[in-house]
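FYI, the numbering just counts along the sequence from 1. When reading the values below, keep in mind they use all heavy atoms of this one structure, side chains included, and skip hydrogens, waters and symmetry mates.
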Amino acid sequence: MAILSRLIAPMRNGMNVCSGARRFVRVRVQNTPRPASDSVETAASRYDRYGRMFLGSACAAGVGGVCLYGMAGNREMSISERSLAWSPTVRARIRSTFTYFGLGLATTAGAVVALHRSGTSIRLMQIMSQRPVLSFLIPLGGLMLTNGVNASIPYRENSANIEKFGLMLLCNGIVAGIISPLTMLGGPLLMRAAVITGGAMGALSLTAMCAPSRQFLNYGGPLSLCLGGLALATFGSVFLPAGGAAAAGFHAVYVYGGLVLFGGLTLYDIQRIVHRAETSGSFDPVSA
């Protein structure tokens, strides 16, 4: 027995040493400070969760508002009901407006494909990463300039309006240059985003058509203020560290807040276009 105890004693001592080492490693791991990247990732996920909650709440509030409005029994005519009494002039105005809109979408998509196949999208991505401030200001100024000049040129009936059409194509080219780096994400992801965006815009347009014809026209002022705040948030994020918690917060603001804001702008623009087509003496389908 004495010999056996002598043989077992070193094994017990080794087991005690191993268990002590495991406790020491466990304590050191627990007390080791987490790297900053983990805290930033936690902040980013928290802001992303808050953004999803805000977006879901806005959608639920919108659906609930539509249901309550329908239950209230307000019988003001909607655009779809008023369209039955439209004159041929109003129909032609609205048809030409959405024809130009579809043409703009097609030319923008074609320009994005051309930029991607030529390799220009990669160079644009490099420029945006190296000079973020100029990459924000120059396209923004170009869009404002082309749209402002286009709106200042009167639309002539029964004319080609080449200058307005050229400015519209230039504006679409600037938009294509802004979004062309997104093609590096891959085709399936872009197709999914395009399908979801198209479905959302179609649903919002249908909502604007079925709502009372002037329900969203009073939202122009608040939406413009929110758009200015969103632009400031987007511009302010350029000066923040890319991996910081503040940058993650600003990212959640202009991603999820932008979704809600541009949904409201879609409702407003649909009814604004129809209202101008019905009441304006001279109508510009390009800048409508």
Side-chain angles (χ1 to χ4, degrees), residues 79-80 83 89-125 127-128 135 138-209 227 258-259 261-274 276-277 283-288:
I79 294 177
S80 60
S83 63
T89 302
V90 175
R91 294 179 183 274
R93 288 176 173 180
I94 295 176
R95 187 185 305 111
S96 59
T97 300
F98 286 98
T99 300
Y100 279 114
F101 176 71
L103 182 61
L105 291 179
T107 54
T108 303
V112 169
V113 173
L115 291 173
H116 176 70
R117 291 183 177 179
S118 64
T120 308
S121 58
I122 300 177
R123 292 192 291 270
L124 289 174
M125 180 183 293
I127 294 173
M128 291 179 181
S135 300
I138 292 177
L140 179 62
L143 290 175
M144 295 175 63
L145 181 62
T146 53
N147 286 320
V149 174
N150 201 343
S152 64
I153 299 175
Y155 181 81
R156 299 183 300 274
E157 297 286 346
N158 301 323
S159 177
N161 294 287
I162 298 176
E163 62 278 5
K164 294 184 69 68
F165 187 70
L167 287 170
M168 186 191 75
L169 293 180
L170 180 59
C171 179
N172 295 333
I174 295 174
V175 174
I178 295 173
I179 65 177
S180 63
L182 295 177
T183 56
M184 308 305 298
L185 298 176
L189 182 60
L190 292 180
M191 290 299 298
R192 180 182 177 184
V195 171
I196 294 175
T197 303
M201 292 298 103
L204 290 171
S205 301
L206 182 62
T207 303
M209 293 292 292
L227 182 61
L259 287 173
L261 175 62
F262 281 96
L265 286 172
T266 301
L267 296 173
Y268 168 75
D269 286 336
I270 294 294
Q271 293 198 344
R272 179 181 58 83
I273 290 171
V274 174
R276 286 187 178 180
F283 184 76
D284 184 0
V286 180
S287 303

Would the distance check show the side chain of [X] and the main-chain N or O of [Y] forming a donor-acceptor pair, the cut-off being under 3.5 Å?
X    : Y    : result
S118 : L115 : yes
T107 : G104 : yes
N172 : M168 : yes

Heavy atoms, side chains only, cut-off 4.5 Å: are [X] and [Y] in contact?
X    : Y    : result
L204 : F262 : no
R192 : V195 : no
N161 : V286 : no
V113 : T183 : no
C171 : N150 : no
F283 : T97  : yes
S135 : I127 : yes

Calculate, to the nearest 0.5 Å, the distance between atoms [atom1] and [atom2] belonging to [X] and [Y] respectively.
X    : Y    : atom1 : atom2 : result
L140 : I178 : CG    : CD1   : 8.0 Å
D269 : F101 : CG    : CZ    : 9.5 Å
I179 : I174 : CD1   : CD1   : 12.5 Å
Y268 : I273 : OH    : CD1   : 10.5 Å

- Query: Looking only at heavy atoms, what is the nearest atom pair of S180 and S121, with distance?
  - Reply: O-CB, 3.6 Å

- Between L167 and T146, which heavy-atom pair has the shortest distance, and what is it? O-CB, 4.3 Å

- With P181 via side chain to side chain contact (heavy atoms under 4.5 Å, CB included) - residues at least two apart: L124, M125, M128

- Taking only residues two or more places apart in sequence or in another chain, which ones pass salt bridge (charged side-chain N to carboxylate O under 4.0 Å, His left out) with R93? none

- Message: Test of understanding: with salt bridge (charged side-chain N to carboxylate O under 4.0 Å, His left out), list the residues that count as partners of R156, not counting sequence neighbours.
- Response: E163

- Using the salt bridge (charged side-chain N to carboxylate O under 4.0 Å, His left out) rule, take D284 and R276 through it: C-alpha gap first, then chi angles, then the decisive distance, then the call. CA-CA 9 Å; D284 184 0; R276 286 187 178 180; over 6 Å; no

- Would you sort out whether M201 and T197 count as a side-chain contact (heavy atoms from CB on, under 4.5 Å), showing the intermediate values? CA-CA 6 Å; M201 292 298 103; T197 303; 4.3 Å; yes

- How are the rings of Y100 and Y155 set to each other: parallel, tilted or perpendicular (split at 30° and 60°)? perpendicular

- Option passing side chain to side chain contact (heavy atoms under 4.5 Å, CB included) with K164 (candidates V149, I153, L169): I153

- Counting only heavy atoms not in M144, do more than 12 sit closer than 6.0 Å to its CE atom? no

